[in-house]
Amino acid sequence: QVQLQESGPGLVRSSETLSLTCTVSGASISAYYWSWIRQPPGKGLEWIGYIHYSGTTNYNPSLKGRVTISVHTSKNQFSLKLSSVTAADTAVYYCAIYSTYAYFDYWGQGSLVTVSS
Amino acid sequence: QSALTQPASVSGSPGQSITISCTGTSSDVGGYNYVSWYQQHPDKAPKLMIYEVYDRPSGVSNRFSGSKSGNTASLTISGLQAEDEADYYCASYTGSSTLVFGTGTKVTVL
């Protein structure tokens, strides 16, 4: 059974870097593409980016320059770093498996990150 | 990239059918058969309901069906049930190898 679990600080100061990790069980990190998606409170979903275990990445143009997604094969994990955060980055952050046919079939439960001033 | 356009809300009575539209451009919805749909109940993670425009994952009820015409994709829920009350999001692959979500639709079962 495939499971994904987000972890990381729930509170980040404005202008600092948000860091989250997704731990994968039931699937090999070397077998798929991996993605991050976020959802501000009461709002819609926003795709952040994806990574392939080979290191290939692609990011949402609106976040490019601030976002880095990395894969940690030995730990079966991948991570998200978002720099220079503001209140607009307050959201529930989800990690997910990204199919090569552009859909997300397994999701984590989500992790709320609040940016404080 | 701009979010795909969905109606803010759609409602129907139990047993009825409803359709949710998802309008994009020729650079996303119209250009690829890579449209997916997600159901999200309050405080829950989204759940994949439809992928590649028409296909249903194992375990998803056949009351859910997808289609596409031009730059607009649609999700139809037939035989509406109380448990179908949720938010629904479409998503599409884009020409830049990125992905864009729709604005989301709240489905209410009257």
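Naming: A, B, ... by sequence-line order, numbering from 1 per chain. Because only heavy atoms are used, hydrogens play no part in the values below, and waters and symmetry mates are left out as well, while side chains stay in.
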- Query: If you look only at pairs with a residue in residues 53-110 of chain B, which of them pass as a disulfide (SG to SG under 2.5 Å), with sequence neighbours excluded?
  - Reply: B/Cys22-B/Cys90
- Please check if A/Leu20 and A/Ile97 belong to a single hydrophobic cluster, counting links between Ile, Leu, Val, Met, Phe, Trp and Tyr side chain heavy atoms closer than 4.5 Å. yes
- Message: Could you report the tightest heavy-atom contact between A/Gln39 and B/Tyr89, atom names first, then the distance?
- Response: NE2-OH, 3.3 Å
- Message: Please find the pair of heavy atoms, one from A/Tyr94 and one from B/Lys44, that lie closest to each other, and give the distance.
- Response: OH-O, 3.4 Å
- Task: Identify whether A/Trp47 and A/Leu63 are in the same connected component of the hydrophobic contact network (ILVMFWY, side-chain heavy atoms under 4.5 Å).
- Result: no
- Enter the distance from A/Ile37:CD1 to B/Tyr38:OH here, rounded to the nearest 0.5 Å. 7.5 Å
Report all side-chain donor-acceptor pairs from residues 98-117 of chain A shorter than 3.5 Å, counting only partners two or more places apart or in another chain.
{"residue": "A/Ser99", "atom": "OG", "partner": "A/Tyr101", "partner atom": "N", "Å": "2.9"}
{"residue": "A/Trp107", "atom": "NE1", "partner": "A/Phe104", "partner atom": "O", "Å": "3.2"}

- Out of curiosity, does B/Tyr93 fall in the hydrophobic cluster containing A/Trp34 (side-chain heavy atoms, cut-off under 4.5 Å, transitive links)? no
- Do B/Val10 and B/Val35 share a hydrophobic cluster (ILVMFWY, side-chain heavy atoms under 4.5 Å, transitive)? yes
- chain A neighbours within residues 48-69 of chain B, where any heavy atom lies under 4.5 Å away: B/Leu48, B/Tyr51, B/Glu52
- Message: Quick check on the hydrophobic clustering: are A/Ile48 and A/Leu18 connected, directly or via other members, by side-chain heavy-atom contacts under 4.5 Å?
- Response: yes
- Counting only heavy atoms closer than 4.5 Å, note whether A/Glu46 contacts chain B via side chain, backbone, both or neither. backbone
- Query: Using a heavy-atom distance cut-off of less than 4.5 Å, which residues of residues 94-110 of chain B contact chain A?
  - Reply: B/Ser96, B/Ser97, B/Thr98, B/Leu99, B/Phe101
- Can you establish whether the number of heavy atoms outside A/Tyr32 located under 6.0 Å from its atom OH is more than 12? no
